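Structure, as structure tokens:
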Amino acid sequence: MRATPWIAASLLLASCASAPPEQRALESRVEADALRVIDNVLRHEGPPPPSPRQVRELLARPFAAADAAAIFERSVPRDLLALAQPAGDGPAVEIRELLDPYLASLAEAQQVLKGAQRDTPLDAAALLREFEGGLPAAARMHEAAQLDAAQIERAIALFLQANVRLSLALRSARERVRFPDAAQRFASSVGMVSLGTRGNDNHGPDAAVIVDPGGNDTYERAPVTGGAVSVVVDLGGDDRYRGSDLAIHGHVAILDLAGDDAYESTGPGWGAAIAGASVLVDYAGNDTYASGNFGQGAAAFGIGALLDLSGDDGYRLGAAGQGLGLAGGLGLLWDLGGDDRYAAGGLRDPYDRGAGISFAQGAATGVRTSLGGGIGILRDDAGNDDYTAEMFAQGTGYYYGLGLLWDRAGADHYRAARYAQGNGVHEAVGVLRDEAGNDRYELSVGVGQGMGLDLAVGVLADLGGDDRYAAPNLAQGSATDNGVGLLLDSGGADAWRLDLPNGWGRVDWSRGLPSLGLLLYDPARASFRRQDKPVDAPRAEATAAQPVEATGRCPAEVQSPAATGIMLEQALAALGPGLVSGGTDRPAYRFALEQLRNDVASALAALPQGDFNASWPLYAVLRCALDGADDATAARMWDGMERMLDSPHAGAIAGALRARPAPASQMQRIVRKLAVNPLCSVQVSALVLANSAGAAQQALRSGCWRLQARALQMLKDLDAAPGDLSAVPAFLRQAFQASGKRSESSRAP
């Protein structure tokens, strides 16, 4: 196998192996430093936000992300797994004999959960309103983050253990569980308890615990808040569940032992929780599940799980679920058998990227720059399954989230639009692993199928069968902005189709560092098509190294009225979509320019920390505000920005100064301050502003590869040879030497 000179950046591996590729064998064929780019960049940009430890570990060891079993084992508590374990034969039992210890355990779990509350309770009404239109706002997520996570974890463990014991006892006794001859209701320490009949009963949401022995029953469900408990245990019959059983700082469980059941909701529910636990286990039958936004295994700061142990099932979701982990949450949908159908719609995308935002089918997302995502898993163990979603779905992670779709058998069909099918986006990990079968993977827009975007890892691993892959662009083992994209297909007569060149191992450089794309396939039986025309097997390639990203043009300053009645962060947030699409909210833009030019220090100080929707547009708007200011205003802005160099906005300030530097003496002070900033990205800007060979030589001794890359480029531009490259990784040395420069240490005396 021959690789391109950029072996650290792009690889295509031909393999005829019938077994899954060994992680270490693959790693040995990739230059070690190339796998450490993400880790190196992140280690020099401050500590990560609150997020699962696994995410940071997998970003440091990308090939380990292909091990779905290890991810599942580490992510899912044993107490939750125990709900799916088989039950043996047990003796006949009175239902009250089981309920008394169960209720005592629920009361203990409830008290522990209530003890997690600090200061102001969660605003459940506000959360429910926000779910009508999408996901909770960042402010609401930060409120939930204030609860005691250790207390919540302990309460969830107690709640799960209680349900495991009850489930095993009921399933062991089977039809030998004895109930009263008539329906009964009685008070308990957790609320009202209702015992149904073997007829067709209607149960409202007022009881804390409902146990029904059989019949085709109807259950009206309602959200649970304030530490409350809500449990339904149904032993048989074709049942109908309606309403919403979302847990908001509460505990919810549905244990349905038999029957073809229908779970119907237009809102959140069916294994959905915030700051608590919601668990639905359906042990038998061909079932259907319908939810609005946030359901079918979705959680933040807790556990939301839906386990279906058998049958041909249908899952339909508005958006945000089917295995979704928000910050601090584990969302799990685990279907153990049958031919199943998974369908997720999408929320409106303000950036108009070609589809709606699903966040579904093994997805995880965080609040960018302040809270990392959780863990979202969709696992299907058997059957020929169909998966349909829009964007951010089918094994996708966003901002320190870990999303996994793990299908273990069957001929499956995966359809999505974008950011899907093994896609990591912005410091995250997304994995799709399919163990067997003749499978089809389709993306209508692109960006997925083993694709890593911006310091993220995306993996699609297919371990057998004759498979079909189709996507327009940026797919099938590709990466951008220092991501890692892996598509590992260990055998079969596979067909690969792309419309544009970006895929099949093609990657780019960013921040002066490479990305890594890898496509593993069987050359004897693989076929490749470009725009439906047969082409030869692809060659690995990488775009040329580009250490400095180009800056966009500033929108024209038309004489339009400025927006009124808003704050700067709102104006910046309104401008964000236009920076992608090319459109500009003129009133918001005018308002932002005026605020920054009038008193830049006060304007920056008033911006909330950790608000990505404001901080990201600030980089462009602050640069434009300074670049287009008159001389007197620019002088005031330089003074104000110098006072704010210790703020979180130092990077935006440095970017603005690169477009329009302050006077020389002031710039010297500013550069000295920026050069000692703890963030390497700011140090890079300081080096660019200094434009000094001496500063560049010193930067080569840094442990930050991004700074080293910029130093090498600067030395090349200044026609100066580096004194020592011993601390520089091999791929940067190769790139530098390929440019025609030699280091002083390599020159003959």
Side-chain angles (χ1 to χ4, degrees), residues 80 83-84 127-128 131-132 135 159-160 163 203 205 210 217-225 229-234 238-248 250-257 259-274 276-300 302-311 313-326 329-336 338 340-345 358-363 376-380 389:
L80 184 55
L83 284 167
L127 277 166
L128 289 170
F131 277 127
E132 292 177 2
L135 289 174
F159 181 68
L160 292 176
N163 283 286
H203 296 281
I210 302 171
D217 306 310
T218 299
Y219 297 90
E220 298 290 342
R221 309 294 289 145
V224 173
T225 64
V229 171
S230 179
V231 175
V232 172
V233 182
D234 188 284
D238 300 334
D239 306 307
R240 187 179 184 187
Y241 298 83
R242 301 185 302 195
S244 172
D245 67 340
L246 171 68
I248 301 176
H251 282 156
V252 172
I254 297 176
L255 306 177
D256 191 296
L257 274 61
D260 298 336
D261 306 308
Y263 302 85
E264 303 167 352
S265 177
T266 59
W270 319 135
I274 295 179
S278 180
V279 180
L280 190 166
V281 187
D282 190 293
Y283 288 92
N286 300 320
D287 309 305
T288 58
Y289 303 87
S291 307
N293 299 329
F294 200 66
Q296 302 173 25
I303 290 178
L306 193 168
L307 281 64
D308 189 295
L309 272 65
S310 66
D313 307 307
Y315 302 87
R316 181 166 50 84
L317 175 77
Q322 296 179 355
L324 169 66
L326 300 183
L330 167 66
L332 171 65
L333 196 170
W334 183 11
D335 190 294
L336 281 75
D340 307 308
R341 302 165 309 284
Y342 303 90
S358 294
F359 282 133
Q361 298 175 8
I377 300 175
L378 193 166
R379 170 175 167 175
D380 189 293

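Everything quoted here is computed from the prediction, not taken from an experiment.
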Measure across A298 and A320 and return the closest heavy-atom pair with its distance rounded to 0.1 Å.
-> CB-O, 4.1 Å
Please confirm whether the backbone N or O of D239 pairs with a side-chain atom of D261, one donor and one acceptor, at under 3.5 Å?
-> yes
Distance from I248 atom CD1 to S278 atom OG, nearest 0.5 Å?
-> 11.0 Å
Of all heavy-atom pairs linking D313 and D287, the shortest is OD1-N, 2.8 Å
Working to the nearest 0.5 Å, report the span between OH of Y283 and CG of D256.
-> 10.0 Å
Distance, nearest 0.5 Å, that separates CD1 of I210 from CG of D217 | 9.5 Å
Note: S291 and Q296 closest approach over all heavy atoms is OG-NE2, 3.1 Å
Mind checking side-chain contact (heavy atoms from CB on, under 4.5 Å) for E132 and listing every partner two or more places apart, or none if nothing turns up?
-> none
Take Y289 and W270 through the test ring-ring contact (aromatic ring centres under 6.0 Å, His included) and record every step on the way to the result.
-> CA-CA 8 Å; Y289 303 87; W270 319 135; 8.0 Å; no
Mind checking the NE2-OG spacing from H251 to S230? Nearest 0.5 Å is all I need.
-> 12.0 Å
Any side-chain heavy atom of I274 sitting closer than 4.5 Å to one from F131?
-> yes
When rounded to the nearest 0.5 angstrom, what distance separates CZ in R242 from CD in E264?
-> 7.5 Å
When rounded to the nearest 0.5 angstrom, what distance separates CD1 in I254 from CG in D282?
-> 9.5 Å
How far apart are the closest heavy atoms of D340 and G311, and which atoms are they?
-> OD1-O, 3.3 Å
Between S358 (side chain) and A319 (backbone), is there a donor-acceptor pair under 3.5 Å?
-> no
Identify, with sequence neighbours excluded, every residue that meets salt bridge (charged side-chain N to carboxylate O under 4.0 Å, His left out) alongside R341.
-> none
When V281, L333, L280, L255 are each screened for side-chain contact (heavy atoms from CB on, under 4.5 Å) with L307, the one that passes is V281
Listed partners of A222 passing side-chain contact (heavy atoms from CB on, under 4.5 Å), at least two apart | P205
Keeping the roles fixed (side chain from D245, backbone from A247), state whether a donor-acceptor pair exists under 3.5 Å.
-> no
Which heavy atom in A272 sits nearest to a heavy atom in G295, and how many Å separate them?
-> CB-CA, 4.1 Å
Of all heavy-atom pairs linking A360 and L317, the shortest is CB-CD2, 3.9 Å
